[in-house]
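Throughout, protein chains are lettered first and strands after them, A, B, ... in sequence-line order, and every chain is numbered starting at 1. Keep in mind that the numbers below use all heavy atoms, side chains included, and drop hydrogens, waters and symmetry copies.
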Amino acid sequence: MTSLELGPPTSRARIRRLREKLLGWYDTNHRDLPWRRSRDPYAIWISETMLQQTRVETVIPYYERFLARFPDIESLATADRDDVYEHWAGLGYYSRARNLHNAAQMMVGDFEGRVPEQAEDLKKLPGVGRYTAGAVASIAYGQPEAVVDGNVIRVLTRLLDIRSDVAQKNVVERLWHEAGALALGERPGDFNQALMELGATVCTPRSPRCKPTCPLVRMCHSYAKGDVESLPNKPKNKKPRPVEAVAVWIPRRERILTVQRPETGLLANLWELPGGELPPKAEAKDHVEQIVRERVGLSLLSPTYAGTVEHVFTHLKMQLHLFRTAGAEGRVRNGGHQAHQWIAPDRFDDLPVSTLARKAFELLQ
DNA sequence: GAATCGTGGAA
DNA sequence: TTTCCAAGATT
């Protein structure tokens, strides 16, 4: 890779000018977000974790509920796992909930019950990577640490006209280096947030508001070239792989059977109606009885097809075929799930369940 | 480096 | 309908 492809170097004068413009813009234009009203490192850590790959508008209600229920490290560390998951259900990427819970316990055990101040220590916590460590260290503790997220990648590749594929490791390293140089100085937390805020509200993926809104438009190399929107240069996403599965409604004495998914993998630790994946090209009604027998050890009584719900995950496009039954014979046996529970249908909502499981329940109810 | 891991909003 | 994608971390 040549330096030409990497775009122009960043001079000290240019850095100073950029910092002043961006911080000035941020002071009068930043959004009033719940976590910006707090200086509590714990609250900032929770918000940064929730914001991973998740939109601000989606996070806000979850953040409010979570902080109300678990206001500090101690309350989170001592909470039941299902209680934590109930407050995460629907937000996605559930390993974040498990990691938060474990990290809170690690803070109690290894960090005197506090959120660590150093990025190096923060990264020892499960679920805290390079970005989150830099964000918490700079925003909560004023440390001169950089952040590079999707917003920063977009802003910096455009500003510096970096046209190389941002999936390449050395390109990302260059961006961390640039962001690191920029974060040095006063108010590193505000500056990092300003960079992200610009990406979120002005330097957007499509139809960026360069003129007259962007405070950096006169320093922006891709704008000067007249090609802002094609940056950043990133590889196309793969299409989700089609998958089919079955799930069944099994009543017994005014209750239905629910099972808890395994500790790891897709939708880990969440509850759902029993069922399982279909072999490729298989017909759901030909396999539903066998799948349920293997998974929970029950023989279904007159299963009837009730409908199909579709749900798209990042890498899966799932069709879930649903069946009602008159009940089932046998004793529940563990066939992969962690636990099972016969619950009243009107209490299904109290369990930590995924959006897919909710769709299935809604259709069958 | 590539896959895995959710969800819902926008164009 | 399709596509992209949003304050990433982990394996």
Side-chain angles (χ1 to χ4, degrees), chain A residues 30-31 33-36 44-63 85 88-100 102-103 122-140 145-155 165-173 175-176 179 189 191-201 203-207 229 232 234-241 243 261-270 272 310-318 352-359:
Chain A
H30 69 79
R31 291 169 293 178
L33 302 174
W35 42 90
R36 288 184 175 155
I44 290 166
W45 165 55
I46 300 294
S47 74
E48 288 300 338
T49 302
M50 287 187 167
L51 285 163
Q52 291 168 5
Q53 298 290 286
T54 311
R55 287 187 154 75
V56 164
E57 312 78 61
T58 305
V59 165
I60 290 174
Y62 280 89
Y63 173 83
Y85 271 76
W88 202 274
L91 193 54
Y93 287 146
Y94 297 96
S95 65
R96 294 183 293 176
R98 171 168 44 88
N99 287 334
L100 275 186
N102 292 342
L122 285 160
K123 272 195 281 192
K124 295 174 183 169
L125 301 167
V128 179
R130 197 173 179 181
Y131 164 79
T132 305
V136 173
S138 64
I139 298 170
E145 296 284 347
V147 297
V148 172
D149 72 332
N151 289 309
V152 175
I153 288 174
R154 191 167 54 254
V155 170
D165 183 350
V166 293
Q168 293 177 47
K169 200 172 181 183
N170 59 336
V171 178
V172 180
E173 280 310 310
L175 294 175
W176 274 100
F191 179 80
N192 285 338
Q193 292 192 81
L195 213 46
M196 295 190 280
E197 189 80 349
L198 189 75
T201 63
C203 194
T204 49
R206 283 161 301 203
S207 308
E229 239 183 299
K234 54 201 307 191
K236 274 192 189 172
N237 297 329
K238 286 183 179 173
K239 284 184 182 173
R241 170 172 57 89
V243 177
R261 294 177 61 89
E263 291 256 10
T264 58
L266 187 69
L267 307 175
N269 296 318
L270 295 182
E272 64 186 10
E310 189 170 288
H311 191 73
V312 180
F313 300 97
T314 306
H315 59 298
L316 297 177
K317 186 187 183 104
M318 176 167 296
V353 297
S354 68
T355 300
L356 172 61
R358 198 173 295 283
K359 285 182 188 174

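- The residue A:Leu33 sits close to a base: some heavy atom pair falls under 4.0 Å.
- With sequence neighbours excluded, the residues forming a ring pair (Phe, Tyr, Trp, His ring centres under 6.0 Å) with A:Phe313 are A:His311, listed by chain and number.
- Within the nucleic acid shown, A:Arg36 comes within 4.0 Å of at least one base atom, counting heavy atoms only.
- C:dT2 sits 23 Å from B:dC5 when the P atoms are compared, rounded to a whole Å.
- Checked by atom type, the side-chain pair A:Glu48/A:Tyr131 shows a donor-acceptor distance below 3.5 Å.
- OP1 or OP2 of B:dT7 sits under 4.0 Å from a side-chain N or O of A:Tyr94.
- Protein atom CZ of A:Phe313 is 14 Å distant from nucleotide atom P of B:dT4, rounded to whole Å.
- A donor-acceptor contact under 3.5 angstrom links the side-chain atoms of A:Thr54 to the base of B:dG6.
- DNA chain B lies under 4.0 Å from no heavy atom of any residue of residues 192-200 of chain A.
- The distance from atom NE2 of A:His315 to atom P of B:dC5 is 4 Å, rounded to the nearest whole Å.
- In this structure, A:Tyr63 and A:Trp35 have perpendicular ring planes: the angle between them is above 60°, well past the 30° mark.
- Across the protein-nucleic acid pair, A:Glu229 atom CD and C:dT3 atom P stand 19 Å apart, rounded to whole Å.
- Residue A:Ser354 is in sugar-phosphate contact alone, with no base atom involved, counting any heavy-atom pair closer than 4.0 Å across all strands shown.
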When you compare the protein's N or O atoms with those of nucleotides 9-11 of chain B, which come within less than 3.5 Å of each other, and at what distance?
none

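- Across all strands, A:Arg154 comes closer than 4.0 Å only to sugar-phosphate atoms, never to a base (heavy-atom distances).
- In this structure, A:Trp35 reaches the bases: a heavy-atom distance under 4.0 Å links it to at least one base atom across the strands shown.
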Inset, instruction - Take A:Gln52 and A:Thr132 through the side-chain hydrogen bond (donor to acceptor under 3.5 Å, both in side chains) test and state the conclusion after the steps. - result: CA-CA 9 Å; A:Gln52 291 168 5; A:Thr132 305; 2.9 Å; yes
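- OP1 or OP2 of C:dA9 sits under 4.0 Å from a side-chain N or O of A:Thr132.
- Of the possible donor and acceptor atoms, one in the side chain of A:Lys359 sits under 3.5 Å from a partner among the backbone N and O of A:Glu310.
- Taking side-chain N and O atoms only, A:Lys238 has a distance below 4.0 Å to OP1 or OP2 of B:dA3.
- A side-chain donor-acceptor contact under 3.5 Å links A:Asn192 to the backbone of A:Glu145.
- For the pair A:Arg98 CZ and B:dG6 P, the interatomic distance rounds to 10 Å; values are reported in whole Å.
- Here the side chain of A:Ser47 pairs no donor or acceptor atom with the backbone of A:Trp45 at under 3.5 angstrom.
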